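Here the structure is laid out as structure tokens; the discussion comes afterwards.
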Amino acid sequence: MSSLLQSLLDPKKSWLASLHMKTLTSRLSKYGLRYDDLYDPYYDLDIKEALNRLPREVVDARNQRLKRAIDLSMKHEYLPEDLQKMQTPFRSYLQDMLALVKKENAEREALGALPLYQRTIP
Amino acid sequence: MAFKSTNRSHLRVVREVEAIGGNTSASASRECMTYTVDALKTYVPEMVELLIDCVRNPAFMDWEVNEEVQKIKAELEEVLKNPERLILEAVHSTGYSGPLANPLLASETAIDGLDSSILEEFVTENYKGNRIVVAASGIENEELLQIAEPLLSDLPVGPQPKEPKSVYVGGDFRRRSDSPSTHFALAFEVTGGWNNEKDSVTLTVMQMLMGGGSSFSAGGPGKGMHSRLYLRVLNEYQQMHSFSAFNSIFNNTGLFGIYGSTSSDFVSKAVDIAAEELILLATEGSVSRLMIKRAQEATKSAVLMNLESRMIVAEDIGRQILTYGERKSVHSFLKMVDEVELQDITNMAKKIISSPLTMASFGEVLQVPNYESVSRKFHAK
């Protein structure tokens, strides 16, 4: 069952999935963003914790990309063509740390300890 | 950073320790690092496995290291409230040049540069097979061997490092601060250290003989105030807050001295008194046989009372094996204490004060007399 899902979602196997990936690549690189930049620390506190643990350079680069994208969107412009060719939207920096954080929280819950942080809905 | 994450997460380590009802602790000193676990006898395999895992495979995660560094910085600021600790550190760092001078309280710049990679390097370099001792008290050697051997047998044997020599030089350390009381210490070198057992025993007895403490005795007035420094100094001069002898013995060398803290206007007189006491110790006939006997009995009882605690016994076994290569029985130590003679003490004191002086002071340091003038007192006699 899960392997059927995988083959549906894998860009190398499925035509629909690779179309999705190509569209995402072009849209993200028009604004100079990476897929991991779209993860919002205010939405999920695990993302906030993972960002706290990453090295400072990585987090600074993420913030600069976000600022550049906000600026471009305000000016109703896209990134210059030569820079767009250099973008790597699917290079990941957050996924491993996020998986580690989620694993630790799951272990915490399994051991019956109270969670370190809880989301409050304002 | 001692019992934090290894391959299992930090939470898991803590929970496992709690599950067996154990205590963990780690301490670092100038010549060795100690990691201790104690729990009930039935949990020995779990304990040993946990201990060896935490020692061998610490995963120094960046965020944990950063947290600990913050805590250490906070502690450093606290230390200014504990001038005695500061002065003892200062005496070591000024008196020695070489590795023994490296302070146990790290400086600000050193901490800022601390990184997980540095810690990892330290562990891989230093925790080699021939430099670790596993000591336990409360179980048989064979049992411990059975459990610990498969866990440790594949530890690589590193090259035996040459112990870098550190030379005693003596010196002066002053740190000005606005405090109502001033703290100072005078110290000298004791050659030999633990490797010269007779001398280190004599030194211990001498420290018990001089004794001293703070003027507000914890047991109520008159309790336990029989040591020389109490009788001669603290009972005479009211401005002294505390006055005591201290010693610290390393493998090849040691320090012996007097630490005092007084109100700031009395400081120069206090330093003179301290110098006088030390000189008097070295003159013949000033110490009576009764005082020596009292000091010997006090040393013996302190040692035996400490050895009643299992934790201290295990630490003692480990340290003795690291220093001597074997464990000497407590009886031989007690016998050596009994053999200390009046003449030994006098000779030792003469030898000690012939080494250069180390002075350290904290507080109103302008009142503290000049290093030269104090040092001249010891050589002119």
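Quick note on labels: first sequence line is chain A, next is B, and so on, each numbered from 1. This one's a predicted model, so the numbers in the text were calculated from it and none came from an experiment.
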Minimum-distance pair of heavy atoms, taken over all atoms of Ala113(A) and Arg15(B): CB-NH2, 3.6 Å
Given heavy-atom pairs under 4.5 angstrom as the criterion, report whether the side chain, backbone, both or neither of Leu100(A) touches chain B. side chain
Looking at Met33(B), I want to see if its CE is surrounded by more than 12 non-hydrogen atoms of other residues, nucleotides or ligands under 6.0 Å. yes
Can you measure from NZ (Lys103(A)) to OG (Ser9(B)) and round to the nearest 0.5 angstrom? 7.5 Å
I'd like to know whether CD of Gln118(A) has more than 12 heavy-atom contacts from other residues, nucleotides or ligands below 6.0 angstrom. no
With a cut-off of 6.0 Å (strictly less than), are more than 12 heavy atoms of other residues, nucleotides or ligands near OH of Tyr93(A)? yes
Has Tyr117(A) got more than 12 heavy atoms of other residues, nucleotides or ligands less than 6.0 Å from its OH? yes
Working to the nearest 0.5 angstrom, can you tell me the gap between Arg53(A) CZ and Met61(B) CE? 8.0 Å
